[in-house]
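Notes follow the structure.
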Amino acid sequence: MHAYRTHTCAQLRPSDVGSQARVSGWVHRVRDHGGLLFIDLRDHYGVTQCVADPDSAAFALVEKVRAEWVVRIDGEVKARSEDTVNDKLPTGGVEIFIRELEVLSTSEELPLPVFGEPDYPEDIRLRYRFLDLRRDNLHANIVQRSRIIDSIRRRMWDEGFFEFQTPILTASSPEGARDFLVPSRLHPGKFYALPQAPQQFKQLTMIAGFDRYFQIAPCFRDEDARADRSPGEFYQLDIEMSFVTQEDVFNAVEPVLRGVFEEFGEGRPVTQEFPRIAYADAMRKYGTDKPDLRNPIVMENVTDTFRGSGFKIFAGMIEKDDQVEVWAIPAKGGGSRAFCDRMNSWAQGEGQPGLGYIFFRDGEGAGPVAKNIGEERTAALREQLGLGDGDAVFFVCGVPKKFVDFAGAARTRAGTELGMIDESRFDFCWIVDFPMFEYDEAEKKVDFSHNPFSMPQGGMEALETRDPLEILGYQYDIVCNGIELSSGAIRNHKPEIMFKAFEIAGYGPEVVEEKFGGMLRALQYGAPPHGGIAPGLDRIVMLLCGEENLREVIMFPMNQQAEDLLMGAPSEVSARQLRDLHIQLNLPKQG
RNA sequence: GGGGGUGUAGCUCAGUUGGUUAGAGCGCUGGCCUGUCACGCCAGAGGCCGCGGGUUCGAGUCCCGUCACUCCCGCCA
């Protein structure tokens, strides 16, 4: 007989009744009735009820076991009587009558109960992550993550992609996020950086002729955390393809994501054909470049209705500045003064002067705005926006670039408050045609808005002849339920276009040469047109597990301060280690 | 770097306008209990009320500072 088990804790069924079984696992729960005692024994696979009474030779020992002790139990599989069958357990038709019990290891009093799923403070959960991971929910999430990754690998493989590993110790990159640095022992004063993404390596892989690459790639960025952004490290499904247009990338990636979401979405409907929305349209209709399409609200420009109207605040602003627009946020079912007032005070809480509104009842518009612009214009709005009694519409006025974030937030809030968002769906879209450059207000200069390696639409000619701020890139994002899942691009594979693009952003050829020398050289020796994308794996798993926090789908996450409370990272190192690395500390003064 | 929230028993939380001895549930320890599966019943142990200072006759409660956790802003090609 095996030293620890003949069956897992999920295996035994009424057909096993009468056989001898050996199971090992954690003591999930003890129910001690004095003359009769139950142990729910748990392992990775499930739970099996074990029972002992004074007829058992092990009874005295069984009485001593406590929650989370690890034990081995031998005994006979017995049928439960009809009235004691537990339908909630797959093994609920049987139980093991304990003949022998061996304590394999004991447990101290638990700082965090494994039984049950109440909320516990994150620092305790992280410090005792091994206990937290025993709990049903988290345990299932981590297993699901593994299955999802396996499914993604198979789907990528089936589409002809190869998985390659790229370096973890690489060079610091001047663009993008803050790097994690690793000091070099052999080269005093020099540092490696952990890759923010294998961006340049995957392009080099294409230039090296491998045609189709993917990797479940670890990425490292030294930026502050959010609920949907873990500090330090995360994983991407990194993809790159040669001899492709944007369309080819879409056709390769869309079925993988759709397939994974259908496979693991538990029947929740998934967008069959991802709509393509231009960046400019997304901003205008949804007020964000990551719209939640489950929210049916689409904003509309109603500037003309307010121009010269009796609503003097808006009319005056439109008069003074021809960049000023008025956007309408229609809210079906929001037609009560209470709701409109609630939206208005929310807006004021956001630092806005307020949120103008009209609500419709008894066949006419009500509220101060309606009164000011008059019946005719109110009716025109109702017509344009397709509203009726019981509906409302909110207005934001100003220069769109300045108010668009707020307008987007108002759209989200109205949709959420009015219960318009169907939680049980996965609504995908592509956001395309991102601007290549943007004006950096802080630096007072034009800079890359996305990725310096992207191909501008129109190529060299566009760079030479057009206003940089009007040039679009072959750059695209995938958004699901308002969460940015990935971004990608067709890359710029021509050195002369790269020099020109960097020149527009204010970097001379010597900068390009110094910072991207390796890449540049590669482009000079026959680079295929290529492009790719990199969906965020943690966010995919988070969506599929229905979690709001990334830490619920990562085995050993760091806390918001980028500390690993279990392993104690980051930690101080010995003087010897620092000496080897030629590093002298220059610590901030303690307050 | 900035803003909000939280901090009371091992854990989750309550604690009134500042007022006697700081409570409950779970867990823990002991006792009772032969069909439970959130077992039940009885008893008990367990508190630097995050930490430091202040106001007050008196502070878990008010004020200031500080620390920890968390959410958000900045940041995140």
Side-chain angles (χ1 to χ4, degrees), chain A residues 28-42 47-56 59 63-64 66-68 78 80-89 91-92 95 97 107-128 131-132 173-179 195-197 199-200 219-232 234 349-351 405 409 434 436-438 442 447-454 473 475 477 484 487-489 491 501 505 515-516 534 536 548-549 551 559-561 563 565 588 590-591:
Chain A
H28 191 54
R29 196 88 171 144
V30 180
R31 290 177 296 281
D32 184 351
H33 292 232
L36 184 70
L37 186 152
F38 299 97
I39 290 176
D40 289 337
L41 195 70
R42 183 197 73 237
V47 172
T48 296
Q49 175 166 283
C50 305
V51 60
D53 68 18
D55 292 341
S56 164
F59 190 69
E63 279 188 302
K64 290 198 172 64
R66 292 294 177 264
E68 296 310 308
K78 291 193 168 178
R80 298 206 204 177
S81 68
E82 207 165 295
D83 55 323
T84 62
V85 165
N86 185 348
D87 294 327
K88 289 184 225 157
L89 282 183
T91 59
E95 61 195 6
F97 186 82
S107 167
E108 315 248 312
E109 187 178 341
L110 299 168
L112 176 83
V114 174
F115 177 79
E117 292 282 346
D119 285 337
Y120 281 87
E122 283 231 79
D123 51 330
I124 291 174
R125 293 183 52 196
L126 293 175
R127 193 176 299 278
Y128 297 94
L131 290 178
D132 200 19
S173 156
E175 292 292 321
R178 206 175 289 115
D179 284 318
Q196 296 181 23
Q199 178 64 37
Q200 293 189 62
C219 305
F220 305 90
R221 295 176 193 176
D222 188 3
E223 296 294 349
D224 290 343
R226 290 288 182 277
D228 65 350
R229 198 171 85 209
S230 26
F234 60 95
E350 296 287 295
D405 286 349
F434 278 85
M436 189 76 193
F437 300 98
E438 65 188 6
D447 207 344
F448 293 107
S449 70
H450 213 71
N451 179 325
F453 302 121
S454 301
Q475 301 172 154
D477 280 3
E484 183 190 321
S487 58
R491 319 299 172 187
K515 297 300 183 188
F516 303 106
E548 309 247 306
N549 193 311
R551 288 184 292 263
N559 70 7
Q560 198 175 31
Q561 276 69 245
E563 296 164 305
L565 296 175
Q590 291 292 317

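For the numbers below, each heavy atom of this structure counts, side chains included, while hydrogens, waters and symmetry mates do not. Residue numbering restarts at 1 for every chain, and letters A, B, ... go by the order of the sequence lines.
Checked by distance alone, Arg229(A) brings a side-chain donor or acceptor within 3.5 Å of a matching partner on the base of rC76(B). No hydrogens or angles were tested; on distance alone, nothing pairs the side chain of Asp83(A) with the base of rG35(B) as donor and acceptor under 3.5 Å. You'll find a donor-acceptor pair under 3.5 Å spanning the side chain of Arg80(A) and the base of rC37(B), going by distance alone.
Where Gly34(A) and Asp123(A) meet RNA chain B, the nucleotide closest to each residue was compared, and Gly34(A) sits on the side nearer the 5' end. Mapping Asn549(A) and Val51(A) onto RNA chain B by nearest heavy atom places Val51(A) closer to the 5' end of the strand.
No contact: Arg127(A) has no heavy atom under 4.0 Å from any strand. Gln196(A) comes within 4.0 angstrom of nothing in the nucleic acid, heavy atoms only. Among the atoms of the strands shown, only primed sugar atoms or phosphate atoms (P, OP1, OP2) are found under 4.0 Å from some heavy atom of Arg29(A). Residue Glu95(A) is in base contact, counting any heavy-atom pair closer than 4.0 Å across all strands shown. Backbone-only engagement by Ile124(A) is indicated by non-hydrogen atom pairs under 4.0 Å involving sugar-phosphate atoms exclusively. Among the protein residues, Ala197(A) comes within range of the nucleic acid bases, having at least one heavy atom under 4.0 Å from a base atom. Using a 4.0 Å heavy-atom criterion, one finds that Arg66(A) contacts the sugar-phosphate atoms exclusively. In this structure, Leu110(A) reaches the sugar-phosphate backbone alone: every heavy-atom distance under 4.0 Å involves primed, P, OP1 or OP2 atoms, never a base.
Scanning for side chain to side chain donor-acceptor pair (under 3.5 Å) contacts around Asn559(A) gives Glu563(A), with sequence neighbours left out. Residues meeting the ring pair (Phe, Tyr, Trp, His ring centres under 6.0 Å) test with Phe448(A), sequence neighbours left out: Phe437(A), Phe502(A). The ring pair (Phe, Tyr, Trp, His ring centres under 6.0 Å) test applied to Phe453(A) returns Phe516(A), not counting sequence neighbours.
Dashed line: the shortest gap from a side-chain N or O of Gln561(A) to OP1 or OP2 of rA68(B) is not under 4.0 Å. Contact annotation: Arg31(A) reaches the phosphate of rC39(B) (side-chain N/O to OP1 or OP2, under 4.0 Å). Residue Arg178(A) places none of its side-chain N or O atoms closer than 4.0 Å to OP1 or OP2 of rG1(B). OP1 and OP2 of rG35(B) both lie 4.0 Å or more from every side-chain N or O belonging to Gln49(A).
Residues Val47(A) and Thr91(A) approach most closely at O-OG1, 2.6 Å, considering heavy atoms. Taking each heavy atom of Tyr128(A) and Leu112(A) in turn, the nearest pair found is O-CD2, 4.1 Å. Nearest heavy-atom pair, Ala177(A) versus Gln196(A), reported as atom, atom and distance to 0.1 Å: O-NE2, 2.6 Å. Heavy-atom minimum distance, Ile124(A) versus Pro111(A): CG2-O, 4.0 Å.
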Kindly list each side-chain donor-acceptor pair under 3.5 angstrom involving residues 28-41 of chain A, sequence neighbours excluded, with atom names and distances?
residue  : atom : partner  : partner atom : Å
His28(A) : ND1  : Arg42(A) : NH1          : 2.8
Arg31(A) : NH1  : Asp40(A) : OD2          : 2.8
Arg31(A) : NH2  : Asp40(A) : OD1          : 3.0
Arg31(A) : NH2  : Asp40(A) : OD2          : 3.4
Arg31(A) : NH2  : Gln49(A) : OE1          : 2.9
Asp32(A) : OD1  : Gly34(A) : N            : 2.8

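Consecutive Watson-Crick or G-U pairing (both distances under 3.5 Å) extending over three or more pairs maps onto RNA chain B as B:1-7 with B:67-73, B:10-13 with B:23-26, B:28-32 with B:40-44, B:50-54 with B:62-66.
With P as the reference atom, rG7(B) and rU12(B) are 11 Å apart, rounded to whole Å. rU21(B) and rG4(B): their P atoms are spaced 36 Å apart (whole Å).
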In B/S/- notation, 5' to 3', how is nucleotides 40-47 of chain B contacted by protein heavy atoms closer than 4.0 Å? --------
